[in-house]
Amino acid sequence: MAKLWCLLSIITLLQVSKSVISRHEVTTPPLPILPLPSSSQLKWQERELIMFLHFGVNTFTDSEWGTGHENPAIFNPGELNANQWVNVAAEAGFSLMILTAKHHDGFCLWPSKYTDHSVASSPWKNGRGDVVQELVNAARAHEGIDVGLYLSPWDRHDKRYGHDLQYNEYYLAQLQELLNKYGSVREIWFDGAKGSNVPNMSYYFSDWFSMVKELQTSINIFSDAGPDVRWVGNEKGFAGSTCWSTINRTSLSIGNGSIVDYLNTGDSKGTDWLPAECDVSIREGWFWHKSESPKRLSVLLDIYYKSVGRNCVLLFNVPPNTTGLISENDVQRLKDFRGAIDTIFSTNLAESCFVRASSQRGGKDGDFGPENVLDGNHLWTYWAPKDEESEDNWIEFKCIDKLRFNVIRIQEAIGLGQRIKQHEVHVDGKKVAKGTTVGHKRLHRLEKGVVKGQIVRIKILKSRAVPLISSIGLHYDPFWHPNET
């Protein structure tokens, strides 16, 4: 009897232990799919909007590319107010401002000790001014605004240009000057722009990039070839309708015009995480010109949908004028732009619907249910279907009343890699949109305008691995009228 009691006790303990273990089993997240973004790249992607400030002697000569022979005396922005720049940026939703510390003309907006072709030789503030410092101070005083810098590799003023060793030493000295003197810089901008019939010159980009990372570990380096952010391949602000954040860096080189299509689309088999930045100006030119006006709101919204809405960050140039202020008509256009974005995306109609999916990782008690796409976290909570169901994954919204919308937003949990290769959107069984990549954000502005329906189903047709969708939105854009001439 004693033996039987002992045996029953052991069985009971095992059952209790098994029950306790099962109650504490938690479904783990799926494995990431490489390559992955760094923390600074994720921060950059979440910005979505960045402001470019083209400012310098070109502002006063009504030109785009200076000659390098401009007299510094022409630079005299009597009302320059970097606080106005920062306030305009903040109100428009920009969290990073990149200043042309030196453009191709070689004129420096800070008093560099390596040249006299700078603000130190201008009448502005009697030669004691520093535009870079003014922007840094204004940004520090405004929470949420960071600073970036552009230092043109092409210098039409300095006599060392064309002599590889001497000029690269000069350029690197100025780079160290900027990154040591002005505190945290979040993005440094390099390009390969160069006019025809210029001296043959080799830029030591690898040396420059290594020095940048040594001086500021959290900085992102932009260029045609990264290493952190790539050019999108044009200056219209448009990404490809297919746009991967992944690409092969070994196929890239700075200033190579033959790779613009590859830059525009990225590569599903790319071994490097190198997302695209779309640069475009609010005006036709990059520097301020009295004869120009800002682009229409409809044009700016089109740019937004084809940049931010195609898995990119939009670098939007807003040039200060000769007084040193952002012009009032540009300020107003930015207010209109911000107001339109808020109007479109402040309400998510999907939040009023019931959501279900083809399957769920870990079952109904797991942490990867379809309700996660409505929780406001666009990175680390997400819907994940079962691993074994690589095809025919879908998520669906069923609404009591018919919804009226013309924009569909889909976002992936890119912290675990970019995955979706092909998808479709159906409303009440009718296909209304289709696309390839999603990435951080995909916006479908419906080609036929407003649709009305009760059941919205998003199908993931092809994916590099099990798809992870972090957020979905159904929105109404009152500015979109595709059926009107």
Side-chain angles (χ1 to χ4, degrees), residues 50-61 66 68 70-90 94-143 145-158 170-190 208 211-212 215-216 219 286-288 317-327:
I50 298 173
M51 183 179 283
F52 218 169
L53 296 161
H54 273 66
F55 188 55
V57 290
N58 293 345
T59 308
F60 298 86
T61 60
E70 292 83 4
N71 188 335
I74 66 173
F75 185 82
N76 192 17
E79 300 177 40
L80 190 148
N81 185 350
N83 289 304
Q84 187 240 11
W85 303 352
V86 170
N87 289 333
V88 169
F94 297 84
S95 62
L96 173 63
M97 304 174 73
I98 300 177
L99 176 68
T100 55
K102 182 181 80 171
H103 205 254
H104 311 325
D105 48 73
F107 182 79
C108 299
L109 294 184
W110 81 101
S112 174
K113 65 182 179 182
Y114 299 104
T115 181
D116 59 1
H117 196 56
S118 76
V119 289
S121 298
S122 78
W124 178 60
K125 294 196 171 183
N126 297 316
R128 293 191 292 273
D130 185 337
V131 181
V132 177
Q133 189 67 65
E134 298 228 0
L135 176 59
V136 167
N137 291 345
R140 284 175 182 164
H142 199 298
E143 186 177 357
I145 301 293
D146 294 316
V147 171
L149 296 172
Y150 167 56
L151 187 67
S152 171
W154 182 29
D155 189 320
R156 304 188 74 178
H157 173 81
D158 198 89
Y170 169 64
Y171 186 92
L172 200 56
Q174 289 196 319
L175 198 59
Q176 293 176 74
E177 199 172 37
L178 287 170
L179 296 180
N180 277 321
K181 183 178 180 182
Y182 296 102
S184 177
V185 176
R186 293 300 182 180
E187 184 170 333
I188 187 81
W189 220 81
F190 298 96
W208 300 355
M211 179 60 69
V212 168
L215 295 175
Q216 302 216 16
I219 198 171
W286 290 89
F287 286 87
W288 180 84
N317 180 63
V318 185
N321 59 30
T322 52
T323 69
L325 299 173
I326 295 174
S327 297

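For the single chain, residues carry numbers from 1 onward in sequence order.
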Quick one: closest heavy-atom pair of Ser112 and Glu177, and the distance?
OG-OE1, 2.7 Å

List the steps, then state whether side-chain contact (heavy atoms from CB on, under 4.5 Å) holds for Thr115 with Tyr170.
CA-CA 9 Å; Thr115 181; Tyr170 169 64; 3.5 Å; yes

Gap between atom [atom2] of [Y] and atom [atom1] of [X] - 0.5 Å precision:
{"X": "Glu143", "Y": "Ser95", "atom1": "CD", "atom2": "OG", "answer": "12.0 Å"}
{"X": "Gln84", "Y": "Glu79", "atom1": "CD", "atom2": "CD", "answer": "10.0 Å"}
{"X": "Phe190", "Y": "Ile188", "atom1": "CZ", "atom2": "CD1", "answer": "5.0 Å"}
{"X": "Arg186", "Y": "Leu96", "atom1": "CZ", "atom2": "CG", "answer": "9.5 Å"}
{"X": "Trp288", "Y": "Ile326", "atom1": "CH2", "atom2": "CD1", "answer": "13.0 Å"}
{"X": "Leu149", "Y": "Tyr182", "atom1": "CG", "atom2": "OH", "answer": "9.0 Å"}

Is [Y] close to [X] at the side-chain level, that is, under 4.5 Å between some pair of heavy atoms?
{"X": "Phe287", "Y": "Thr61", "answer": "no"}
{"X": "Trp85", "Y": "Val318", "answer": "no"}
{"X": "Leu172", "Y": "Trp208", "answer": "yes"}
{"X": "Ile74", "Y": "Pro72", "answer": "no"}
{"X": "Leu215", "Y": "Gln176", "answer": "yes"}
{"X": "Leu135", "Y": "Val147", "answer": "yes"}
{"X": "Tyr171", "Y": "Pro153", "answer": "yes"}
{"X": "Phe75", "Y": "Val131", "answer": "yes"}

All side chain to side chain donor-acceptor pair (under 3.5 Å) counterparts of Asn321, not counting sequence neighbours:
Thr323, Ser327

Atom pairs and distances, side-chain donor-acceptor, residues 97-109, under 3.5 Å, sequence neighbours left out:
unit_1 : atom_1 : unit_2 : atom_2 : d
Thr100 : OG1    : Leu53  : O      : 3.3
Thr100 : OG1    : Phe55  : N      : 3.1
Thr100 : OG1    : Phe55  : O      : 3.0
Lys102 : NZ     : Asp155 : OD2    : 2.9
Lys102 : NZ     : Gln174 : OE1    : 3.3
His104 : ND1    : Ser152 : OG     : 2.7
Asp105 : OD1    : Phe107 : N      : 2.9

Any salt bridge (Lys or Arg N to Asp or Glu O under 4.0 Å) involving residues 130-140? Give me the pairs, sequence neighbours left out, ordered by first then second residue.
Lys125-Glu134, Asp130-Lys181

Say whether, by atom type as modelled, one donor and one acceptor occur between the side chain of Gln216 and the main chain of Val185 under 3.5 angstrom.
yes

